[in-house]
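Shown next, in structure tokens, is the structure this report addresses.
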Amino acid sequence: MKKIALLISAISLLAFITSCGDDEPTGPTPMVEFEIDKPFAEVEDEISFTNNTVEGATYSWDFGDGESSTLENPKHEYDEVGEYTVTLTATGSGGISSTSMETITVGGR
């Protein structure tokens, strides 16, 4: 019975050790910042987004209207009047992500 308990303990310890791998993201956390060239725009205006992120490797933009982009500095047009929250998520080379949001107001012509 002692051998079985020792074997179970050894298997449990081995499972614990192997599950503690280096799966956690590492590296610097991106400092996410961006600018909107027209924070007040009209429907169908082309709006430029300038990414000023430090330590970002990949980028994911959500324009708040169901559209998105992975370009570093995208352009976008809104089809409807409204207020939209633009979100930029940057992921650093080690896998750590950070997010920033800005609001844009789109009016009618």
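The figures here come from the full heavy-atom set of this structure, side chains too, leaving out hydrogens, waters and symmetry mates. What you see is a predicted model; the values in this text were computed from it and never measured.
Linking Ile, Leu, Val, Met, Phe, Trp and Tyr residues whenever their side-chain heavy atoms come within less than 4.5 Å leaves Tyr78 and Leu71 in two separate clusters.
Side-chain contact between Lys38 and Asp45 is present, with heavy atoms from C-beta onward closer than 4.5 Å. Looking at Thr53 and Leu88, their side chains come closer than 4.5 Å, going by heavy atoms from C-beta outward. Using a 4.5 Å cut-off on side-chain heavy atoms (C-beta onward), Val106 and Val43 make contact. Here the side chains of Tyr84 and Ile104 are in contact, with some heavy-atom distance below 4.5 Å. Under the 4.5 Å side-chain criterion, counting only non-hydrogen atoms from C-beta, Met101 is not in contact with Asp62.
Between Thr99 and Thr89, the side chains place a donor N or O and an acceptor N or O closer than 3.5 Å (distance only, hydrogens not considered).
Residues Ala90 and Pro30 approach most closely at O-CG, 3.7 Å, considering heavy atoms. Residue Ser98 comes nearest to Thr29 through the heavy atom pair OG-CG2, 4.1 Å, listed as atom of the first residue, atom of the second, then distance.
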Take Thr87 and Glu102 through the test side-chain contact (heavy atoms from CB on, under 4.5 Å) and record every step on the way to the result.
CA-CA 7 Å; Thr87 305; Glu102 297 284 337; over 6 Å; no
Under the side-chain contact (heavy atoms from CB on, under 4.5 Å) criterion, do Ile47 and Ile36 qualify, and how do the steps go?
CA-CA 7 Å; Ile47 302 160; Ile36 302 171; 3.6 Å; yes
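Here Tyr59 contributes atom OH and Asn73 contributes atom CG; the two are 8.5 Å apart, rounded to the nearest 0.5 Å. Separation of atoms CD (Glu42) and CD (Glu77) is listed at 13.0 Å; rounding is to 0.5 Å. In this structure, the separation between OG on Ser93 and CD on Glu55 is 7.0 Å, given to the nearest 0.5 Å. With values rounded to the nearest 0.5 angstrom, Phe40 atom CZ is found 8.5 Å from Glu83 atom CD. One finds the CD atom of Glu72 at 14.0 Å from the CZ atom of Phe34 (value rounded to the nearest 0.5 Å).
By the ring pair (Phe, Tyr, Trp, His ring centres under 6.0 Å) test, Phe49 is found to be paired with Trp61, Phe63, residues two or more places apart in sequence or in another chain being considered.
Clustering of Ile, Leu, Val, Met, Phe, Trp and Tyr by side-chain heavy atoms under 4.5 Å joins Met31 with Val54.
Counting non-hydrogen atoms of other residues, nucleotides and ligands closer than 6.0 Å to CD of Glu80 gives a total of 12 or fewer.
Between the Asn52 side chain and the Glu33 main chain, no donor and acceptor come within less than 3.5 Å of each other.
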